[in-house]
Amino acid sequence: SPAEENECNRNFPEWACQRKAKLEHLNKKLTSAVEVLQEFAELRDSNQDYSRALAFRRASSVLKSLPFQVQNVEQLKGLKDIGEHVKTVISDVLDHGSSSEVEEILKSEWFKKMKLFTSVFGIGPSTAKAWIERGWENLDDAQKDGCPSGDWRIAWGLAFFEDLNVPVGRIEAIAFSQIVQEEAECILPGVITTLVGGFRRGKSQGHDVDILLSHPTDGAEMGLLPKLIAALGKRGLVLIGHKEKNSFRSDILYQDFKLSARGQLDHFEKWLGICKFPKSFSTPKISKKSKPEINQPTPCTTDTDLKATADSSLDESMNELYEPKAKKTKGSEAIELEPNRISAAPRDWLARRVDLIIAPKSQYYYALVGWTGSKHFNRDARLYAQKKLGLKLTSHGLFNLEKREPLTAQSEEEVFSHLKLPYIDPADRNC
Ligand code: GTP
Ligand code: MN
Ligand code: MN
């Protein structure tokens, strides 16, 4: 009833991180319209401020958490994140089935090109804009140019564009993370492997596979990542990728708020890359014969010669194995040729984006929250922590910048309680 709805709106929690937002909600038609406006603003204002995009994002986040289906804009009375612009769009959708503003955006050549270009791994809005300015219409134009920036992500992102734009299924993601778990366990017994990102929030598909690794003993995780990549490489699962060293420094965090912020980015050791998922990953065998095999311990590919590469010499040898040969020659031609040759060859695997993140146990539960997302959940929780509690929330911890001390957590629940927030299940963080 209208009275109940008004009551609900009055008590509606101000922050997205205080609300439950499931994947399946009651106002999808409205949120998808508002999200087009958000996406358009985000692409257009990429080098300025995101405030317009953010306003749309907040509005769609509210719609996702509403306990009723909106049939009339009157029902939105009292909800502070639903402004006049959004109300107009919602009325249009409710009255005519679509919003003319949204339809215009979807039809616009600029938007279509921006969407296409930014869907390439390694391409953000500013590069996409530069491509449009050069008069490029499609990905062939970019291919012809041969990745002038020399960025490996763009070269491989273009070469495997089709594969990478087929959504990763949940079954594949689980199959891959089980292999990661097995290999990591051989290298570092007791390792904790968690499938994070959208899959942890219950999504059935994603644009990549995000895996967070840790170990009950703080510091034991050091040295795991290079060995893990080598082991996955030995199993023929690695196509290309790049390691980032851990760059977390608490002294910098406390000294310089701005320097330590870096937006969404964190300072964990990680590997961002493209893996080869055998096609069998997405069609797991269901024959009785294959069943016991799953339960049997899988032989490790880790052996003594692999262990021998565990020290400093490893970084060099790894780069040779898993980065384009062009890295050495520096010629942009070679960077372009290598991925294209591989992508053109007949193959029984799909290229898939994979993020592997290593977190020490002392930061693990914050990393878990950060890497589970959603992106908007994180952004909102960080803003809430700053504005409401005067604390700095990152994927590394929750910090009191004045007292110069972290609030440590031994569980995800403890992260929420430090934040004075009700615990929200990962499936309810789809805001
Ligand atoms: P799909 O992969 O499209 O299904 O969505 P997703 O929610 O998994 O997004 P994505 O893989 O981009 O990121 C997973 C979560 O990790 C999101 O909440 C991001 O905000 C977060 N994330 C991504 N990259 C970084 C990063 O470099 N640092 C931190 N701290 N978080 C990140
Ligand atoms: Mn993801
Ligand atoms: Mn990711």
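What you are looking at is a predicted structure, and each value in this text was computed from that prediction instead of being measured. Every number for a ligand or one of its atoms is a count from 1 in the order of the listing.
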Need the ligand 1 atom indices (1-based, order shown) with element for anything under 4.0 Å from a heavy-atom of [X].
X	result
Gly198	6 (P), 7 (O), 8 (O)
Asp210	8 (O), 11 (O), 14 (C)
Gly197	8 (O), 14 (C)
Asn378	18 (O), 20 (O)
Asp208	2 (O), 11 (O)
Ser395	30 (N)
Gly373	18 (O)
His207	1 (P), 2 (O), 3 (O), 4 (O), 11 (O), 12 (O)

field: Protein N/O/S atoms closer than 2.8 Å to the Mn ion (ligand 3)
entry: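 Listed by chain and number, the atoms are Asp208 OD2, Asp210 OD1, Asp355 OD2.
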- prompt: With side chains defined as the heavy atoms from C-beta onward, is the minimum distance between Leu26 and Leu66 less than 4.5 Å?
  reply: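 With C-beta onward as the side chain, the pair stays apart.
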task: Assign the ring pair Phe111 / Phe40 to parallel, tilted or perpendicular, where the plane angle (0 to 90°) is split at 30° and 60°.
output: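 The arrangement is tilted - the two ring planes meet at 30° to 60°.
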query: Between Trp131 and Trp136, what is the ring plane arrangement, given parallel below 30°, perpendicular above 60°, and tilted in between?
result: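 Ring orientation of Trp131 relative to Trp136: tilted.
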[Y] backbone acceptor or donor facing [X] side chain under 3.5 Å:
X	Y	answer
Arg170	Phe199	yes
Thr127	Ile123	no
Asp218	Lys361	yes

- request: Determine whether the side chains of Ser214 and Tyr365 contain a donor N or O and an acceptor N or O closer than 3.5 Å.
  value: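 The criterion, which ignores hydrogens and geometry beyond distance, is not satisfied for Tyr365 and Ser214.
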In plain terms, say whether [X] and [Y] are close enough for a salt bridge, that is, a side-chain N and a carboxylate O under 4.0 Å apart.
X	Y	value
Lys115	Glu39	yes
Lys245	Glu269	no
Glu35	Lys64	yes
Asp380	Arg382	no

query: Does Arg379 have a heavy atom less than 4.0 Å from any atom of ligand 1?
result: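 It does not, in that no heavy atom of Arg379 comes within the 4.0 Å cut-off of ligand 1.
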message: Which option wins on minimum heavy-atom distance to atom 7 (O) of ligand 1: Lys375, Arg201, Lys203?
response: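 Residue with the shortest heavy-atom distance to the ligand atom: Arg201.
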